[in-house]
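Quick note on labels: first sequence line is chain A, next is B, and so on, each numbered from 1. Quantities reported herein were computed from a predicted structural model and do not represent experimental measurements.
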There are 2 protein chains.
Amino acid sequence: MLSYTEENYLKTIYHLSEGGHKSVLTNEIAASLLTKAATVTDMIKKLSLKEFITYEKYYGVNVTKKGKAHALTIVRKHRLWETFLVEKLGFAWDEVHDVAEQLEHINSSLLIEKLDAFLDYPTADPHGHPIPDKHGKIKQEKQIVLKEALVNKPLVVCAVRNGSSPFLQYLSKIGVSIGVSITVRERIEFDGSLEVSIQNKKPQLISREAAENILVKE
Amino acid sequence: MLSYTEENYLKTIYHLSEGGHKSVLTNEIAASLLTKAATVTDMIKKLSLKEFITYEKYYGVNVTKKGKAHALTIVRKHRLWETFLVEKLGFAWDEVHDVAEQLEHINSSLLIEKLDAFLDYPTADPHGHPIPDKHGKIKQEKQIVLKEALVNKPLVVCAVRNGSSPFLQYLSKIGVSIGVSITVRERIEFDGSLEVSIQNKKPQLISREAAENILVKE
DNA sequence: ATAAAAGTTTAGACTAATCTAAAAAAAATT
DNA sequence: AATTTTTTTTAGATTAGTCTAAACTTTTAT
């Protein structure tokens with residue numbers, strides 16, 4: 001059994017490791033959690049003693065199989081709750097994160113299975129991120145970053161990389177949300193910005209930063 | 001801002017004080033929370049410093065106006081979540097308590113107002129306990145203990161005093177739930193048991209203990 | 001290749017929540 | 001009314017999570 005705090009560290013490490021694919025440095029964790037490196041070192045020792053991660057001094061942390069499995073249950077809970085907040089309670093998609101950060105630590109497998117059923121077994125949350133099933137399986141669609149998309153190929157927005165309120169509010173303003181169609185009309189070499197047509201409306205410019213944080217599929 | 005633990009103490013003290021109407025002793029709190037008296041004394045000092053309770057050494061604790069207001073928000077959250085679990089997720093009424101104990105500490109007034117609306121502003125939870133509104137107002141119906149009810153007067157079950165699983169399962173077995181009609185046919189002086197007719201079905205005997213834990217109204 | 005800079009760990013300290021054991025106060029009993 | 005019992009508080013210790021400052025590694029830059 002992990003404490004609330006331990007779960008937060010594990011989840012953060014899992015995300016920083018991009019799903020367990022690379023090792024993570026102490027300072028990255030500290031920056032992500034707004035704590036100090038010394039605190040992170042202590043917590044790393046605890047989590048590695050419990051075998052959720054492995055750790056080699058000065059070289060960083062890797063998530064174990066056991067750690068990944070647990071991290072996926074937290075991710076699952078977070079994304080199911082976000083879905084609930086948006087679909088059932090009518091939250092805006094930029095309002096859900098902080099509440100879901102709390103709800104993801106509620107401990108009841110009965111609850112989470114019933115919530116999953118109530119939402120009709122969603123496979124993606126309101127930001128388009130995949131929801132692991134109860135066995136931790138993720139249904140991954142191949143998605144690409146809008147910045148890399150071919151010109152004049154019609155695509156569909158399927159996720160955002162960045163869940164911050166300012167970004168999501170900007171997206172709402174320009175008419176982008178999950179499921180909306182989008183076509184790159186022109187790529188501006190100078191600054192990396194793109195001219196895009198959203199839902200076949202008249203083309204508008206979006207910045208390179210925005211284009212790097214929107215994910216699309218065919 | 002109160003910690004998770006402080007909220008649990010405050011809620012327990014509030015309940016033991018019967019809504020702020022009587023003072024509460026250290027040992028009662030310790031028994032209720034399964035902690036030691038020494039621990040309770042420490043927490044009492046903290047809560048009284050923060051002015052949620054008043055405290056006179058060796059004489060017990062009283063809830064302040066501020067403490068009552070905060071306790072009511074916790075009660076409100078607990079009961080709204082219980083209602084959600086039963087009505088929307090299909091929990092049985094004896095399965096909800098532990099989960100609601102966790103959910104009641106989630107901190108988001110937006111969440112709780114939206115949940116309230118989603119449930120269509122319920123005034124009582126699945127055990128028949130009243131749900132305070134957002135201002136802390138409780139809609140109290142006059143209810144009596146079944147044990148004291150008049151013979152042959154048709155009544156409606158409106159709440160249970162005891163939310164334990166064994167008791168709730170026993171009630172389910174004999175066909176009692178909130179809203180069911182019940183009429184006392186005979187009071188057995190010997191042991192305080194009652195012969196009752198539930199939903200006008202053939203009378204059956206229930207024990208004094210049961211009759212003391214079922215609340216009814218006209 | 002060595003010195004400086006950056007990153008990480010260790011050491012020692014603090015707060016919150018808990019405990020046991022001892023001391024103190026209140027209540028009950030003879 | 002004095003003594004015993006019960007209840008409550010105080011004192012001192014422990015664990016989880018955090019911090020700062022100092023020490024130690026690794027990396028980077030001369």
By salt bridge (charged side-chain N to carboxylate O under 4.0 Å, His left out), which residues pair with [X], not counting sequence neighbours?
| X | result |
| --- | --- |
| Lys217(A) | Glu141(A) |
| Glu101(B) | Lys11(B) |
| Lys50(A) | Glu6(A) |
| Arg76(A) | Glu113(A), Asp116(A) |

Interatomic distance where [atom1] belongs to [X] and [atom2] belongs to [N] [whole Å]:
| X | N | atom1 | atom2 | result |
| --- | --- | --- | --- | --- |
| Ile44(B) | dT10(D) | CD1 | P | 11 Å |
| Tyr4(A) | dA16(C) | OH | P | 18 Å |
| Glu56(A) | dG7(C) | CD | C1' | 16 Å |

Contact under 4.0 Å: Lys45(A) side-chain N or O vs dT9(C) OP1/OP2 =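 Checking dT9(C) against Lys45(A), no side-chain N or O comes under 4.0 Å of OP1 or OP2.
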So does Tyr55(A) get a side-chain nitrogen or oxygen closer than 4.0 Å to the phosphate oxygens (OP1/OP2) of dT8(C)?
-> no
So, His127(B) side chain and Trp93(B) main chain: donor-acceptor pair closer than 3.5 Å or not?
->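 Yes, the answer is positive, given that a donor and an acceptor are paired below the 3.5 Å cut-off.
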Does any pair with a residue in residues 205-214 of chain A pass salt bridge (Lys or Arg N to Asp or Glu O under 4.0 Å), and if so which ones, sequence neighbours excluded?
->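 Every salt bridge (Lys or Arg N to Asp or Glu O under 4.0 Å) pair that includes a residue of residues 205-214 of chain A, provided the two are not neighbours, is Lys147(A)-Glu212(A), Arg208(A)-Glu212(A).
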Parallel, tilted or perpendicular: which fits the ring planes of Phe118(A) and Phe84(B), with parallel below 30° and perpendicular above 60°?
-> perpendicular
Would you tabulate the side-chain donor-acceptor contacts of residues 130-139 of chain A under 3.5 Å, counting partners in other chains and residues two or more places apart, or write 'none'?
unit_1	atom_1	unit_2	atom_2	d
Asp133(A)	OD1	His135(A)	N	2.7
Asp133(A)	OD1	Gly136(A)	N	3.1
Asp133(A)	OD1	Lys137(A)	N	3.0

Kindly state which residues belonging to residues 23-30 of chain B come within less than 4.0 angstrom of DNA chain D, counting heavy atoms of the residue only, listed by number.
->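 Hits under 4.0 Å, by residue number: Leu25(B), Thr26(B), Asn27(B).
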Which residues pass the ring pair (Phe, Tyr, Trp, His ring centres under 6.0 Å) test with Tyr4(B), sequence neighbours left out?
->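 Applying ring pair (Phe, Tyr, Trp, His ring centres under 6.0 Å) to Tyr4(B) gives His105(B).
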Between protein and nucleotides 24-29 of chain C, what N or O pairs are separated by less than 3.5 Å?
unit_1	atom_1	unit_2	atom_2	d
dA25(C)	O4'	Tyr58(B)	OH	3.4

Side chain to side chain donor-acceptor pair (under 3.5 Å) contacts in which one or both residues fall within residues 14-35 of chain A, not counting sequence neighbours | none
Review item, nucleotides 18-22 of chain C N/O atoms under 3.5 Å of protein N/O:
unit_1	atom_1	unit_2	atom_2	d
dT18(C)	OP2	Tyr9(B)	OH	3.3
dC19(C)	OP2	Lys36(B)	N	3.3
dC19(C)	OP2	Thr39(B)	OG1	2.5
dT20(C)	OP2	Lys36(B)	NZ	3.3

For Leu205(A), the side-chain contact (heavy atoms from CB on, under 4.5 Å) test, sequence neighbours excluded, returns Ile188(A), Ser193(A), Glu195(A)
